[in-house]
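Atoms within each ligand, like the ligands themselves, are counted from 1 in listed order. Quantities reported herein were computed from a predicted structural model and do not represent experimental measurements.
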Amino acid sequence: MADLKGKTALVTGASRGIGRASALALARLGAQVLVHYGQAAKEADAVVAEIRKAGGTAEAIAADLAMPDGPHQLAQRVRAIVGDRLDILVANAGVAKAAVIEETTVADFDNLFAVNVRAPFFLVQQLLPILHEGSSVVLVSSLAAHAVVGTLPAYAATKGAIDTLVKHFAAALGARGIRVNAVAPGVVATDMSSFAKTDQGRDYTLSLQTLKRIAQPDDIGDVVAFLASPDARWVSGDTIHVDGGSKL
Ligand SMILES: NC(=O)c1ccc[n+]([C@@H]2O[C@H](COP(=O)([O-])OP(=O)(O)OC[C@H]3O[C@@H](n4cnc5c(N)ncnc54)[C@H](OP(=O)(O)O)[C@@H]3O)[C@@H](O)[C@H]2O)c1
């Protein structure tokens, strides 16, 4: 696997789950990692401590990405730490809410799009001045964007928007040598997919997948690190399915 020594990385939503695993994977390869969180300061500090204990460099950084100016504030804080050079941006922070069409509220719909779509869009916009030739942006889509799983129409639409943004960002930024891709996880054992920990949820999840185990966050984090690394230098504009062969 490529060496990321000397590279700077921001991972949003890195206090828990897939973001945490991505931050740890990037740090293992030598990157300096900014561990973004929303509310979970203690958990983010623990991720930073784990990276430092292993000899890496990390710092926790807060911003509420549901707020309209959240991405702008986060970008300012990032620039205050890394200066004018960001090599890796993993826009992972996200929220989900299961609801049938009839029970989806306007407030829930707006919050899903604010955190899952608006925040990555404006974070890329605000960090553009410090992305450069060789930088890699990784967004997080979902199996839910590509297949009807669970009861998540509004959430699934946010991830469909991510797949679209990947192509537009990659097309716009390619001439500057910036790659943009997404990972699309299936069901992963995190707080977000806690139903996978029930017997019924586990059976449902395994019935979707050709590989018969429940995915762990580092199954995704390692692919994020690959996409962020020079090993993926010829991959751009793509969404990589990281779902144990779901819904084949
Ligand atoms: N788990 C799955 O099965 C699955 C499948 C496909 C795609 N995904 C996607 O993968 C990504 C990570 O999911 P996960 O399962 O790791 O979720 P998770 O364990 O619930 O963690 C979500 C992360 O996002 C952050 N976050 C949420 N709302 C925020 C806000 N308003 N402002 C700032 N940060 C916020 C949280 O920060 P704090 O806790 O610090 O507030 C946390 O670090 C999401 O984009 C999700 O849609 C997950």
Side-chain angles (χ1 to χ4, degrees), residues 10-25 33-48 60-75 77-78 90-98 107-108 110-123 138-147 149-150 152 154-163 165-166 182-197 201-202 204-205 208-209 214-221 223-224 239-244 246-247:
L10 166 66
V11 183
T12 69
S15 50
R16 300 186 277 123
I18 292 168
R20 174 181 179 276
S22 302
L24 294 174
V33 183
L34 303 185
V35 174
H36 162 266
Y37 66 96
Q39 306 293 326
K42 260 194 199 156
E43 287 85 342
D45 286 344
V47 177
V48 168
I61 183 170
D64 184 354
L65 296 177
M67 302 304 288
D69 66 345
H72 303 67
Q73 288 188 3
L74 178 56
R77 287 170 197 155
V78 168
V90 182
N92 157 83
V95 285
K97 181 144 188 186
D108 285 343
D110 284 351
N111 188 53
L112 286 165
F113 271 82
V115 178
N116 295 2
V117 185
R118 186 178 68 194
F121 185 99
F122 286 101
L123 194 55
V138 182
L139 308 181
V140 180
S141 175
S142 171
L143 170 65
H146 312 129
V149 287
L152 302 154
Y155 169 80
T158 69
K159 296 305 183 178
I162 289 297
D163 288 345
L165 281 180
V166 161
V183 289
V187 178
V188 185
T190 68
D191 297 341
M192 184 179 283
S193 287
S194 52
F195 72 91
K197 290 173 192 157
R202 185 184 161 79
Y204 174 69
T205 301
L208 297 174
Q209 299 172 184
I214 300 293
Q216 299 302 311
D218 61 1
D219 290 319
I220 317 303
V223 180
V224 169
T239 295
I240 310 292
H241 297 234
V242 194
D243 60 12
S246 290
K247 286 278 200 178

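Here side chain to side chain donor-acceptor pair (under 3.5 Å) pairs that include residues 184-195, with residues two or more places apart or in two chains, are Arg16-Asp191.
Under a 3.5 Å cut-off, the side chain of Asp219 and the backbone N or O of Gln216 do form a donor-acceptor pair. In this structure, Asn116 contributes its side chain and Gly94 its backbone to no donor-acceptor pair below 3.5 Å.
Annotation: ligand 1 has protein neighbours Gly13, Ala14, Ser15, Arg16, Gly17, Ile18, His36, Tyr37, Gly38, Gln39, Ala40, Ala63, Asp64, Leu65, Ala66, Asn92, Ala93, Gly94, Val95, Val115, Val140, Ser141, Ser142, Tyr155, Lys159, Pro185, Gly186, Val187, Val188, Thr190, Asp191, Met192, Ser193, each with a heavy atom less than 4.0 angstrom from the ligand.
For Tyr204, the ring-ring contact (aromatic ring centres under 6.0 Å, His included) criterion is met by no residue, not counting sequence neighbours. Residues that satisfy the salt bridge (charged side-chain N to carboxylate O under 4.0 Å, His left out) test with Lys97, not counting sequence neighbours, are Asp108.
In this structure, the side chains of Val11 and Leu34 stay at 4.5 Å or more apart for every pair of heavy atoms.
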